[in-house]
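One structure below.
The chains referred to below are lettered A, B, ... by the order of the sequence lines, with proteins before strands, and numbering in each begins at 1.
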Amino acid sequence: MIAYNTTDLDNESVCDQATAAFRHGTIDGETYKKILSSHKSNLYTPHFFIRIGLMILTLVIISFSAGLLGLLFGGFDSITAFFIFMALVCYGSLELMVRKKQYFNAGIDNLLQWSTLFFLLGAVLINNSYEFTLMSLLMFLASAWMAWRFVDALMSLVAYFSMLIFIFLVYVKFGDIAKATAPFALMMVSALIFFLIRRMQHKSSLRYHQFCFDVVMVCTLISFYACGNYFVVKELSNEMFHLQLQLSDPIPFGWLFWILTVTIPVIYIFTGLKKKDRIFLRTGLLLIAITVLTIRYYHEILAIEKAFLLAGIILVAISYACIKFLDTPKAGFTFEEDDTANKDLLQLEALILAETFGKKVEAQPQMEFGGGSGGGGGAGGTF
Amino acid sequence: MNTHIFERLREQEFITDSALQIIREKEKKKLFSLHWELKTILYLGIVLLTTGLGILVYKNIDTIGHQVIVAMIAIGCAACFGYCLKKSPGLSRLKNPVTKIWPDYILLLGCLLLLILIAYIQFQYNVFGTRLGMATFIPMIILFISAYYFDHIGVLSMAITNLAAWAGITVTPLHILQDNDFSSTSIIYTGMALGAVLLAVAHLSVLKNIKAHFAFTYKNFGAHGLLISCLAGLFTINYLWFIILAAVCAYLFITAIREKSFYFIVITLLYAYIGISYMVIELLGNIRDMGSVYLGLIYFILSGIFLIRIMMNFNKQFKKI
């Protein structure tokens, strides 16, 4: 069902891992070159800047093709039919190009996916613009299919959120009790999907979609928080159910939502640090900022400049203390950079290294902490 | 690293047992890097702190008084530069081998404070009067010196931006600015000159090996300035500019191929594409007919496909090497 040859996908990840191992000095240049040459992949992923160029040009081609087709078939009965036709054209060319040329995140395939969704969305919304339930269902089906078939993380993100919207819209149709419990229902859905992914993630038959799962996992964490966030719950129910609440009006179970708003990010950060899970940690850090904004929206505790000053001092102090503390690595944490920067560049660089220093790179069995070679560097000036 | 993959590589006898053992060990001992997280928090903290200070000063300007504020900014600025001077390894032609986070940040802060200080005294005391050029010239010089002395690419970008502002203000007579008349062609010529100078500096930095790693920043600013000025000339003056645009694109393209730079290949191709498309539309616009609309649409589709092929071709050529 995946549009690509799975051996190619496997070979790709073997090459990535071999590059990392070579850079760390665990395998020598000969071995590295041998692994690369015996794990050839036919997937077409050009250089980063070429991808952006291809994306822009594909956008030009699609929009002018749409214009030309629209002019040629001026006799289309309705604009909806035209949009559906365009969505089919985009999807058809996507399938064709992936099959023939194995484009994999080449810019062209990404843009064709987005435009398929765009035309589909347009087809539903352009005439009768209140069909949100149908729209979210269609979006979910289309993006989930493309996420699976083309192993695309962005599509999986779209699929997750459109599914959430669909469930919400259907759920609130059940009446007043459903409306009141909608936040909790959505939190349950988020949690359910989170645990589902947790269980599926390490199955080797699903290894190609690893990155999609990671992305959806971040989304589940965010949506779980958002459904318990005081601001989201209050303003969204205000908007959706026309309640006309004022700023200081309370909502039912308000205290519960305040507790959730404050505690969830803290729990995320602690989980992230305890399990050394970057997804939890970064999401938690982001959500702390949103929590602060939420509190300030309803309660102006401090004047803005004092709040800024205080927050700034706290943040600088925390980071300064942590950086000083991690001068030498402690408890498995370090301030040294991970060198997983630019995949493309790393592989090219490593190949050149392997060419020039074909001899065995001595394997350091145990590196002393902190003795970073500084080799990771940045992209430098070589674009 | 994924140990499963290496276990499979071991089975296929690509790697030795000892290598696999090392990889397993490393995976077990792997440290969790907080680099990105802590740096972001630090950056956010500095932004919040300075914003808060700014608002505080703004709200209390009546009680504090301008002299005090100017003095405070000046002291802060001097402190920043003093700290950097103390920490700096000194002037060198090459790239500093180690870059420390704190001096880098402090230098950036010092440069920002310097710009604020000069803007403040100009606004409040009108020190430079109507000679606005001086108000941008002085910080520009200081920024360039700091960029070279402390080896800081961020400050270099600020200096180049300041240079552009200075050049723009200097060539623009004051009455044009006051009348908000930006259609003046002199700004286009200035852009051309500035772009050419920056490209030349980029070239010289590599040739003479003076801070060769600055070359990309110079070239980036220079190329965009030159190409945008060419397009502006083409749109507003006359078609002669198309030839200049073509020449500039050709030059940049040839150097990009020589340096194997994907970035410059893509941007010159796109700028050239905009120029050519403009010419085609102008040409088709002269034919007042429905057919020209169709022709235009077909032109964009075909040219897009053509350009995609060119880009893919370069990608293939460079990958081979």
Below 4.5 Å from any heavy atom of chain A, which atoms of B:Val293 appear? Answer side chain, backbone, both or neither. side chain

Looking at B:His224, I'd like to know if its NE2 atom is crowded, meaning that more than 12 non-hydrogen atoms belonging to other residues, nucleotides or ligands lie closer than 6.0 Å. yes

Please classify the contact of A:Leu281 with chain B as side chain, backbone, both or neither, using a heavy-atom distance under 4.5 Å. side chain

Heavy atoms of B:Leu48 and A:Ala311 approach each other most closely as CD1-CB, 3.8 Å

Is it the side chain or the backbone of B:Tyr273 that comes within 4.5 Å of chain A heavy atoms, both, or neither? side chain

Determine, step by step, whether A:Ile61 and B:Phe300 satisfy the side chain to side chain contact (heavy atoms under 4.5 Å, CB included) criterion, reporting the C-alpha distance in whole Å, the side-chain angles of both residues, the deciding distance to 0.1 Å, and the verdict. CA-CA 7 Å; A:Ile61 294 173; B:Phe300 273 108; over 6 Å; no

State, yes or no, whether a side-chain contact exists between B:Leu42 and A:Tyr320 at a heavy-atom distance under 4.5 Å. no

Region of A:Leu309 in contact with chain B, defined by heavy-atom distances below 4.5 Å: both

Select one option (side chain, backbone, both, neither) describing which atoms of B:Ile305 are under 4.5 Å from chain A's heavy atoms. both

Answer yes or no: are there more than 12 heavy-atom neighbours, outside A:Lys306 itself, under 6.0 Å from its atom NZ? no

How about B:Leu49 and A:Phe308: do any of their side-chain heavy atoms sit closer than 4.5 Å? no

What residue, out of A:Ala307, A:Ser65, A:Ala289, has the most heavy-atom pairs lying under 4.5 Å from chain B? A:Ser65

Would A:Leu68 and B:Ile298 count as a side chain to side chain contact (heavy atoms under 4.5 Å, CB included) if you check the C-alpha gap in whole Å, the side-chain angles of each, and the deciding distance to 0.1 Å? CA-CA 7 Å; A:Leu68 185 67; B:Ile298 291 170; 4.0 Å; yes

Among the listed options A:Leu315, A:Ile314, A:Ile318, the residue most often paired with chain B at heavy-atom distances under 4.5 Å: A:Leu315

So which residue, B:Ile55, B:Leu297, B:Leu307, ends up with the most heavy-atom pairs under 4.5 Å with chain A? B:Leu297

Got B:Asn315 and A:Tyr44 here, is their nearest side-chain heavy-atom distance under 4.5 Å? yes

Which members of residues 102-111 of chain A, sorted by number, sit under 4.5 angstrom from chain B on a heavy-atom basis? A:Tyr103, A:Ile108

With heavy-atom distances below 4.5 Å as the criterion, would you say the side chains of A:Ile50 and B:Met312 are in contact? no

Answer with side chain, backbone, both or neither: which region of B:Ile308 has an atom nearer than 4.5 Å to a non-hydrogen atom of chain A? both

Less than 4.5 Å to any heavy atom of chain B: does that hold for the side chain of A:Leu310, its backbone, both, or neither? neither

Given the options A:Val60, A:Ile52, A:Leu54, which has more heavy-atom pairs under 4.5 Å with chain B than any of the others? A:Leu54

Please report the closest heavy-atom contact between A:Ser319 and B:Leu38, naming both atoms and the distance. CB-O, 3.7 Å

For B:Lys39 and A:Ile323, run side chain to side chain contact (heavy atoms under 4.5 Å, CB included): C-alpha distance rounded to whole Å, both residues' side-chain angles, the deciding distance at 0.1 Å, then the answer. CA-CA 9 Å; B:Lys39 242 176 140 175; A:Ile323 292 171; 5.9 Å; no

